[in-house]
Q: 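Can you read through this structure? Questions will come right after.
Convention: sequence-line order gives letters A, B, ...; per-chain numbering from 1.
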There are 2 protein chains.
Amino acid sequence: MENAPIAKAEGLRERKRRETLRRIAEIGLRMFVERGYEATTLEAVAAAAGISARTFFHYFKTKDEILQFWQGGGGFLEAVRAALRRGSTRPRALRAVRDGLLEVLPRFTTENSVVADRIWYSTESLRAQKQAFFIELEQTVFAALCERWPRKDRRPGLRMTAMLAVGAFRLAIEARRHDRRTRPLTEYVRESFAVLEAQL
Amino acid sequence: MENAPIAKAEGLRERKRRETLRRIAEIGLRMFVERGYEATTLEAVAAAAGISARTFFHYFKTKDEILQFWQGGGGFLEAVRAALRRGSTRPRALRAVRDGLLEVLPRFTTENSVVADRIWYSTESLRAQKQAFFIELEQTVFAALCERWPRKDRRPGLRMTAMLAVGAFRLAIEARRHDRRTRPLTEYVRESFAVLEAQL
DNA sequence: TTGCAAATATGCAGTCGCTGCAATAATATT
DNA sequence: AATATTATTGCAGCGACTGCATATTTGCAA
């Protein structure tokens with residue numbers, strides 16, 4: 001991405017670590033696709049990646065972190081928050097959220113993130129986590145909106161906006177998941193927000 | 001396939017089973033409160049309930065089913081669906097949902113359900129499940145609304161209504177959880193919907 | 001009352017995700 | 001080259017959960 005003031009040459013250690021991390025993530029994801037998430041044992045992933053089972057846990061705290069890796073590894077919430085803080089004060093909060101999402105999304109959308117998304121919905125416990133993520137996103141959005149429109153009496157409205165916006169986002173992801181031919185997520189997001197706005 | 005649809009005198013077997021089920025649920029909940037959910041081992045619950053660890057799993061498929069027991073054990077979604085189907089056709093869908101919830105809630109609110117609710121939010125994995133439940137509720141509500149207002153062009157609006165209604169419900173539960181002095185959940189629901197409606 | 005089938009309880013061994021600990025090997029720093 | 005850091009690994013162990021085989025209890029009928 002960007003080079004720090006001191007473009008410190010990456011040591012062998014760091015490089016190997018990064019490579020191993022990615023290797024695990026790639027092999028893991030492929031195995032999840034081929035055999036299913038629950039049927040894929042951690043030991044098997046580790047073995048296929050050429051490391052011991054114990055070492056796996058030095059790279060990922062849990063099995064599902066392999067999937068989180070492809071979803072941006074938790075950086076998404078932070079990115080959305082940042083985008084909302086940075087974005088110009090739009091007259092309508094809903095638009096602000098939409099634009100923030102549209103701005104951030106491309107950075108978190110890869111070939112594999114689409115594959116990973118399907119797996120999230122393949123297993124009950126994963127589904128639950130994913131949905132919990134949306135709630136987190138909602139809280140993040142709400143908090144960001146409150147910063148930008150600090151008048152306390154508008155909070156209930158902002159709360160609603162956050163709910164609606166994240167809801168639209170959820171519907172967009174759902175729509176893409178159900179499409180055979182997948183278009184970029186941003187398109188679904190645009191459509192989803194358009195439908196929502198038509199209702200207001 | 002059965003003979004009498006009326007209260008067939010409950011056999012010893014059924015009675016004992018019901019008693020054991022409840023005993024496990026009560027002791028389990030109390031232990032969760034006292035020692036924390038994760039710190040409470042299944043073996044400990046089973047021992048305290050006077051059964052073997054293996055037998056526990058004949059009553060509850062998972063540890064968290066102990067908590068689900070106090071939340072109505074999955075019957076809530078069904079009850080809401082039924083209430084929405086039965087309820088008079090209100091002009092406003094949002095009101096219909098609110099009234100449906102208000103009608104059903106008392107049947108699922110007990111002393112222990114409030115306690116259980118606090119535990120749901122004490123642990124990450126439980127929180128995720130709880131939030132997944134709200135999404136399920138949203139889908140249930142949406143489906144029920146679609147039955148009642150079948151015009152296809154109104155669906156986006158109904159989707160929104162479902163989102164808003166469940167959102168208000170979520171906020172109500174949250175509000176109660178944060179209140180020291182707990183009032184009946186229905187009051188929080190009324191308030192929450194009132195705030196929402198004031199925004200529309 | 002007895003006999004038998006169905007339901008229930010239990011022990012045991014095992015899987016899987018995950019953790020702590022301690023020893024060892026690889027890399028970085030001086 | 002010596003030393004400090006960090007990575008890798010094996011091992012032992014925990015806790016939720018399952019399958020299987022066995023014993024016990026209960027329901028029902030001859």
Q: Please give, in whole Å, the distance from dA7(D) P to Ile24(A) CD1?
A: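 Computing the Ile24(A):CD1 to dA7(D):P distance gives 13 Å.
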Q: How close or far is atom P of dT8(C) from atom CZ of Arg18(B), stated in whole angstroms?
A: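 For the pair Arg18(B) CZ and dT8(C) P, the rounded distance is 14 Å.
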Q: Report yes or no: is the cationic atom of Arg159(B) (NZ for Lys, CZ for Arg) closer than 6.0 Å to the six-membered ring centre of Phe142(B), at no more than 45° off its axis?
A: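 Relative to the ring axis of Phe142(B), which defines the angle, Arg159(B) lies inside both limits.
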Q: What I want to check is whether an N or O donor and acceptor connect the side chain of Arg17(B) with the base of dT8(C) at under 3.5 Å.
A: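 Answer is no: no donor-acceptor pair is held.
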Q: Taking atom P of dG27(D) as reference, at what distance in whole Å does atom CZ of Arg15(B) sit?
A: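 Rounding to the nearest Å, CZ of Arg15(B) and P of dG27(D) are 9 Å apart.
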Q: Enter the distance from Leu164(B):CG to Leu158(B):CG here, rounded to the nearest 0.5 Å.
A: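 It is 11.5 Å, given to the nearest 0.5 Å.
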Q: Any base atoms under 4.0 Å from Tyr59(B), or only sugar-phosphate, or nothing? Heavy atoms, all strands.
A: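 The residue Tyr59(B) makes sugar-phosphate contact but no base contact.
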Q: May I ask you to say what Thr40(A) touches in the nucleic acid, namely base, sugar-phosphate or nothing, with a heavy-atom cut-off under 4.0 Å?
A: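 Touches sugar-phosphate only.
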Q: Taking CZ from Arg54(B) and P from dG15(D), how many angstroms apart are they, rounded to a whole number?
A: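 For the pair Arg54(B) CZ and dG15(D) P, the rounded distance is 18 Å.
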Q: If you assign Ala53(B) and Lys63(A) each to the DNA chain C nucleotide with the nearest heavy atom, which residue ends up on the more 5' nucleotide?
A: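 Upstream on the strand: Ala53(B).
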Q: Measure CZ/Phe56(B) against P/dG15(D) and give the value in whole Å, please.
A: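 The distance from CZ of Phe56(B) to P of dG15(D) comes to 15 Å, rounded to the nearest Å.
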Q: Testing the 3.5 Å rule here: is there a donor-acceptor pair between the side chains of Asn112(A) and Thr110(A)?
A: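 Result is no, nothing qualifies.
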Q: Tell me whether the rings of Phe76(A) and Phe108(A) are parallel (<30°), tilted (30 to 60°) or perpendicular (>60°).
A: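 Perpendicular, since the angle between the ring planes exceeds 60°.
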Q: May I ask you to say what Thr55(A) touches in the nucleic acid, namely base, sugar-phosphate or nothing, with a heavy-atom cut-off under 4.0 Å?
A: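 Base contact.
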Q: Under 4.0 angstrom, heavy atoms only, what part of the nucleic acid is Phe60(B) near: base, sugar-phosphate, or nothing?
A: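 Here Phe60(B) touches no strand at all.
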Q: Whole Å only: how far is the CG atom of Leu42(B) from the P atom of dA16(D)?
A: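 My rounded result for the distance is 4 Å.
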Q: From the set dG11(C), dC18(C), dT26(D), return the single nucleotide nearest to any side-chain atom of Lys16(B).
A: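 Minimum distance to the Lys16(B) side chain belongs to dT26(D).
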Q: Given dG27(D), dT10(C), dT27(C), identify the nucleotide with an atom nearest to the side chain of Arg13(A).
A: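 Minimum distance to the Arg13(A) side chain belongs to dT27(C).
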Q: Side-chain N or O of Thr41(B) less than 4.0 angstrom from OP1 or OP2 on dC14(D)?
A: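 Negative; the distance criterion is not met.
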Q: Going from CD on Glu174(B) to CZ on Phe169(B), what distance comes out if it is rounded to the nearest 0.5 angstrom?
A: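 Taking CD in Glu174(B) and CZ in Phe169(B), the distance rounds to 12.5 Å.
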Q: To the nearest Å, give me how far apart CD (Glu43(A)) and C1' (dG14(C)) are.
A: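 The distance from CD of Glu43(A) to C1' of dG14(C) comes to 13 Å, rounded to the nearest Å.
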Q: Please report, rounded to the nearest Å, how far the C1' atom of dC18(C) is from the NE2 atom of His58(A).
A: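 Rounded to the whole Å, the gap is 12 Å.
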